[in-house]
Amino acid sequence: MAPDAKQSKYLQVDIGSPVLTLDEKQLGTVAERRGQHFKIKTPFLHRDYWLRTDCVRSSGSGQPVVLNVTQAQLENVKMADEPLKD
């Protein structure tokens, strides 16, 4: 993927957008962006977490962010630590 396409995908990860897995399971919403990472705000009693923007299959202004992983694969891409501030 060209660097411009990767950057373009990141710019379309809007705060407040719903986040879905490839198998259409809703995970939560985008709460924050930091560098090439974004934070998923999860429902009550679930722990928020970070993902890299290279996990995004599609996104667009006013559209949900669809990841390129299924719910079963999600643990493989979640970040254990919060990314550094820009």
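- In this structure, the side chain of D48 does not engage the main chain of K41 through any donor-acceptor pair within 3.5 Å.
- Residue Y49 is grouped with residue V77 when hydrophobic side chains (ILVMFWY) are merged at heavy-atom distances under 4.5 angstrom, including chains of intermediate members.
- V30 places none of its side-chain heavy atoms less than 4.5 Å from the side chain of D14.
- Remark: L67 CG to R57 CZ distance equals 11.0 Å, nearest 0.5 Å.
- Residues H46 and T42 share a closest heavy-atom pair of O-OG1, 2.9 Å.
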Requested in this report: Could you walk me through whether D23 and K25 pass salt bridge (charged side-chain N to carboxylate O under 4.0 Å, His left out), step by step?
Outcome: CA-CA 6 Å; D23 52 350; K25 305 293 183 193; 5.5 Å; no
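- Residues R33 and I15 have side chains in contact (heavy-atom distance under 4.5 Å, counting atoms from C-beta outward).
- Between atom CD1 of residue I40 and atom CE of residue M79 there is a gap of 12.0 Å, rounded to the nearest 0.5 Å.
- Residues K78 and L74 have side chains in contact (heavy-atom distance under 4.5 Å, counting atoms from C-beta outward).
- Annotation: side chain of N68 is in contact with side chain of C55 (closest heavy-atom distance under 4.5 Å).
- Atom OG of S59 sits about 11.5 Å away from atom CG of L20, to the nearest 0.5 Å.
- With rounding to the nearest 0.5 Å, the separation of OG1 in T21 from CD in Q26 is 10.0 Å.
- Residues W50 and V69 do not share a hydrophobic cluster, defined by chaining ILVMFWY side chains whose heavy atoms lie under 4.5 Å apart.
- With values rounded to the nearest 0.5 angstrom, Q36 atom CD is found 13.0 Å from L51 atom CG.
- Note on E82 versus R34: salt bridge recorded, some NZ/NE/NH1/NH2 to OD/OE distance being below 4.0 Å.
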